[in-house]
Amino acid sequence: MKPHNPNRVPTDVYLSFVSSLSGNRMTLLVGVIVHAATCLAIAAKTQSLLYVALALGFVFVFLGRIATFRAFDKVDKDALSHDDIQRWERILVTGAAGTTTLLGFASGYAIFFLGDGFAELACIAVTMATMVSVVGRNYGSRMAIDIQTFSCCLPMIICSLMVLDFYRGILSIFLIPFWLTTRAMANGVREFLYENVIARREITSIADRFDTALNNMPHGLVMVDAQNRIQVINRKACELLRIGDPDRLKDRDLGAVLRYGARYSFMDASQPELILRQMTHVAEGKLSRTLIHFPEDLSLEFSASPRADGGAVLIFEDVSSRVKAEQKILHMVRFDSLTGLPNREYFSHLVQDYLAKHTKKRGPIGFMVLDIDEFKHVNDMRGHITGDRLLCAIANRVAKQGGKATVGRLMGDQFILFFPHAKDMTALDAEIRRVHSAIQGTYEADDATFLVSLSGGFVLLESDAFAMEEWSIKADLALFESKSKQRGGISGFEREMDGRYIEQQKLKSDLRDAITSKGLSVAYQPMFKADGSRIECAEALARWVHPEKGAIPPDVFIRLAEEMGVISDITRFILMKACTDCMTWPEHIAVSVNLSARDLRDTDILAVVAEALQASKLEASRLHLEITESCLIDEPAAVRAILAELRARGITIAIDDFGTGFSSLSYLDTLPLDIVKIDRSFLRNIVEDGRRLKLLRGTVNLARELGLKIVTEGVETTEQLALLNKYRATDLIQGYVFSPPVPSQNIALLQQAIGRRTVQRRRNKVA
């Protein structure tokens, strides 16, 4: 890299070269003394006053150069432009050229004019020595080298030739390569230094960029040699490991540094060795990377690469946020978001993990399923937010009272508990019953107090016989048994339950076949006017006669149909059959069909009803549709819209089993109703209990104020009938007091019989 032109040289490098012209000032002092002394010696030898003048000239040039140097020292170097530096170069070179010009003149004069051997030798020796020093002092300026060597050598060459001495001429010619060699040496020194300055500058720039990148990278980096000594460590590594200043750690043993950090920082005592061991494994290829958890929720992920010299490069980063996010996601996957309890899948994993760790342990284990009784009514009355808070309160008490049991949320309002090994079956049975008893009672949620009962089913078994799915089913069977007996009870699994479960599954299969093959039938229970003088309507009731078991009670197979999700198929069958049968009855008699909650979940029921009416040609006014309060629990707004559409088509809407739910009175005003069917529970002890009669009369009066028709169900005795007629507490009677459910053809026969009795009574009156 040759700086042919100062304009091509970087300004800072050019300035450093020019500044070198004013350096080494002590050599100038020595030089001027030598120059002046030599001239004075020659003057004394030759009696030439010219050399006295030359001695004074050397002194004056020296003083001028010193003054110039001091002026240059005072200049603000950072403010100098390239042209300013070039101007100062010319000034400094002029002073240097003054000295060499005087030397060249003194040497030439001694050769041509004096002819004195001492004067010639002294001048030429001092001049040659000065030319050598020019290389060391003025290498920074090509101009200075050229002018000084030229001004030294040219006078000697000219004067040697002018003497017209053959040998002196030969000697003068030899001065030319000396001159050129000296000039080349100075230029070589300058170019060498220039290349090194530029290289050093580039290396420094690269080092600065590397240092900036190293200390601003988001990863920690440590480079160690074969002896595990730190060669390079960045600031991020020191921050993450909290091991001090990077500048103080070079050539320190990494293990010692980490152990120091463990002693005075946040690391555990075991972690330095773990880091070194894991680094070795990663460097050897046994691991691609490793994750180490530190106190204060810090997680670092390490990777290492071997170096050719036996060392290694260790890179690590803070992955605490990622680890926390992964843990949060894992928690969301494993735990129920509402109660914080393990979900069904993770609960199963916890149980399996426990059993895998205790394979040699003996003793019974327990498995219990809990179901909150009538929890849907809480959501219906107080809203889902309150229901969720109550569910959380129940979950907290279950977890607290569970003791050593593992508690999980099974689904909805059900919990599941696993009881680890106990001493014996009796002790485990007692512990399960204790937990069940402890979680019953009152709970607080949203400033409201709820009396909550939980039904439970459990199974006890030896741990080596445990199979999650199998025993979960057995606990469910025990829960079903418990709920069928009494609310808030608990039952343990018994082998007979398996048989009942299998029998129930067989019954479901047979029911499905019966629906498919139209094996169901319909009976009708008529609704009479209160005085029994006429049948106004007949309720269609599904009947199933099993080929082997005989008649199956409606409450049994209807519940099964709802569990199986085929209740809508039964509704469709009954609608078609009822509308067709109604066409065979007297025109004033209507037919009533019950709709289930599933039927009202979507608008398909509208098409089914329309199809039944169209196929049978039955007038819409002769079709009554009955719903219960349970139909309104899930989506009351959607149900109201469907009922309003049915009523707009001329169909009569009745609410069945009125008075058995929690919010019955509000339905009378908000639902599009025509008829209220009073549940049979209102009639219990109505003859003996005056308060119950008042309750019935109040409900009837309220319904009539709203323009609704009253049907009383379950009237079985003449005393009940008489009391209802006395207080005009009903419009229609449905019950065994008049007629049980009968086949379709009997409806017309019953009406005919009523007509004959009416005619006979009239004749008797006339007679």
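Please read these numbers as outputs of a predicted model, since none were measured by experiment.
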Asker: Would you name the heavy atoms of Ala106 and Cys123 that are closest together and state the gap between them?
Answerer: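 Shortest heavy-atom contact: O-SG, 3.6 Å.
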Asker: Minimum heavy-atom separation for Val61 and Gly98, please, with both atom names.
Answerer: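 Distance-wise, the nearest heavy atoms are CG1-C, 4.3 Å.
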Asker: For Ala96, check side-chain contact (heavy atoms from CB on, under 4.5 Å) against everything at least two apart and list the hits.
Answerer: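 Testing Ala96 for side-chain contact (heavy atoms from CB on, under 4.5 Å), a comparison that skips the adjacent residues, returns Arg65, Asn138, Gln148.
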Asker: Can you measure from CD1 (Ile416) to CG (Leu341) and round to the nearest 0.5 angstrom?
Answerer: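 Reported value, rounded in 0.5 Å steps: 11.5 Å.
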Asker: Measuring from atom CD1 of Ile111 to atom CG of Leu161, what distance do you get when rounded to the nearest 0.5 angstrom?
Answerer: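 Going from the CD1 atom of Ile111 to the CG atom of Leu161 covers 10.0 Å.
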Asker: Please report the closest heavy-atom contact between Ser48 and Ala43, naming both atoms and the distance.
Answerer: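 Taking every non-hydrogen atom into account, O-CB, 3.3 Å.
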Asker: Could you give all pairs that pass the ring-ring contact (aromatic ring centres under 6.0 Å, His included) test and reach residues 18-46, with sequence neighbours left out?
Answerer: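 Listed by first then second residue: His35-Phe58.
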Asker: Checking the side chain of Tyr51 only, and the main-chain atoms of Ala110 only, is there a donor and an acceptor separated by less than 3.5 Å?
Answerer: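 Yes, because the side chain of Tyr51 sits within donor-acceptor range (under 3.5 Å) of the backbone of Ala110.
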Asker: Counting neighbours of CD1 on Ile385 that are heavy atoms of other residues, nucleotides or ligands and sit closer than 6.0 Å, is the number greater than 12?
Answerer: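 Open: at most 12 neighbouring heavy atoms sit under 6.0 Å from CD1 of Ile385.
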Asker: Thr100 and Ser151: which non-hydrogen atoms are nearest, and at how many Å?
Answerer: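 Shortest heavy-atom contact: OG1-OG, 2.6 Å.
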Asker: Quick one: closest heavy-atom pair of Ile42 and Ala122, and the distance?
Answerer: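 In this case the closest contact between Ile42 and Ala122 is CD1-CB, 4.1 Å.
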Asker: Which residues pass the side-chain contact (heavy atoms from CB on, under 4.5 Å) test with Asp116, sequence neighbours left out?
Answerer: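 If we apply the side-chain contact (heavy atoms from CB on, under 4.5 Å) test to Asp116, skipping adjacent residues, the hits are Lys45, Thr46, Leu114, Phe118, Ala119.
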Asker: Taking atom CD1 of Ile147 and atom OG1 of Thr94, what is their separation to the nearest 0.5 Å?
Answerer: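 So the CD1 of Ile147 and the OG1 of Thr94 are separated by 7.0 Å.
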Asker: For the residue pair Phe69 and Leu92, establish whether any side-chain heavy-atom pair is separated by less than 4.5 Å.
Answerer: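 Heavy-atom side-chain distance check passes, below 4.5 Å.
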Asker: Could you check whether any side-chain heavy atom of Tyr109 comes within less than 4.5 Å of a side-chain heavy atom of Leu50, counting everything from C-beta outward?
Answerer: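 SC-SC contact between Tyr109 and Leu50 confirmed.
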Asker: Mind checking the OG1-CG spacing from Thr127 to Leu103? Nearest 0.5 Å is all I need.
Answerer: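 Here the rounded value is 4.5 Å.
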Asker: Are the side chains of Phe113 and Met162 in touch, meaning some heavy atoms are under 4.5 Å apart?
Answerer: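 Answer no - side chains too far apart.
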Asker: Measure from the side-chain N and O atoms of Lys361 to the backbone N and O of Leu355, and report whether any donor-acceptor pair falls under 3.5 Å.
Answerer: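 Not confirmed, Lys361 side chain does not pair with Leu355 backbone.
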Asker: Assess whether side-chain contact (heavy atoms from CB on, under 4.5 Å) is satisfied between Tyr354 and Thr406, documenting all intermediate values.
Answerer: CA-CA 10 Å; Tyr354 170 84; Thr406 301; over 6 Å; no
Asker: How many angstroms lie between atom CG of Leu410 and atom CZ of Phe415, to the nearest 0.5 angstrom?
Answerer: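 Answer rounded to 0.5 Å: 10.0 Å.
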Asker: Any pair with a residue in residues 335-350 that passes salt bridge (charged side-chain N to carboxylate O under 4.0 Å, His left out), sequence neighbours left out, goes on the list, sorted by first then second residue, please.
Answerer: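 Residue pairs passing salt bridge (charged side-chain N to carboxylate O under 4.0 Å, His left out), neighbours aside: Asp336-Arg409.
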Asker: Tell me, yes or no, whether the heavy-atom count around Arg70 atom CZ, taken from other residues, nucleotides or ligands under 6.0 Å, exceeds 12.
Answerer: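 No, not enclosed.
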Asker: The criterion is side-chain hydrogen bond (donor to acceptor under 3.5 Å, both in side chains); which residues satisfy it with Asp388, sequence neighbours excluded?
Answerer: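 In terms of side-chain hydrogen bond (donor to acceptor under 3.5 Å, both in side chains), with neighbours along the sequence ignored, Asp388 is linked to no residue.
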Asker: Tell me every residue that passes ring-ring contact (aromatic ring centres under 6.0 Å, His included) with Phe112, counting only those two or more places apart in sequence or in another chain.
Answerer: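 For Phe112 there are no ring-ring contact (aromatic ring centres under 6.0 Å, His included) partners, ignoring immediate neighbours.
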Asker: Which pair of non-hydrogen atoms, one from Pro342 and one from Phe347, has the smallest distance, and what is that distance?
Answerer: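 Taking every non-hydrogen atom into account, CB-N, 4.1 Å.
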Asker: To the nearest 0.5 angstrom, please state how far the CD atom of Gln47 sits from the CG atom of Leu49.
Answerer: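 Answer rounded to 0.5 Å: 8.0 Å.
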Asker: Where do Arg25 and Phe62 land on the side-chain contact (heavy atoms from CB on, under 4.5 Å) test, with the steps shown first?
Answerer: CA-CA 10 Å; Arg25 297 174 189 180; Phe62 170 76; over 6 Å; no
Asker: Is any NZ, NE, NH1 or NH2 atom of the basic residue among Asp353 and Lys357 found under 4.0 Å from an Asp or Glu carboxylate oxygen of the other?
Answerer: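 Salt bridge between Asp353 and Lys357, a charged N being under 4.0 Å from a carboxylate O: yes.
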Asker: Is the closest side-chain heavy-atom distance between Val32 and Leu63 below 4.5 Å?
Answerer: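 Not touching, per the 4.5 Å side-chain cut-off.
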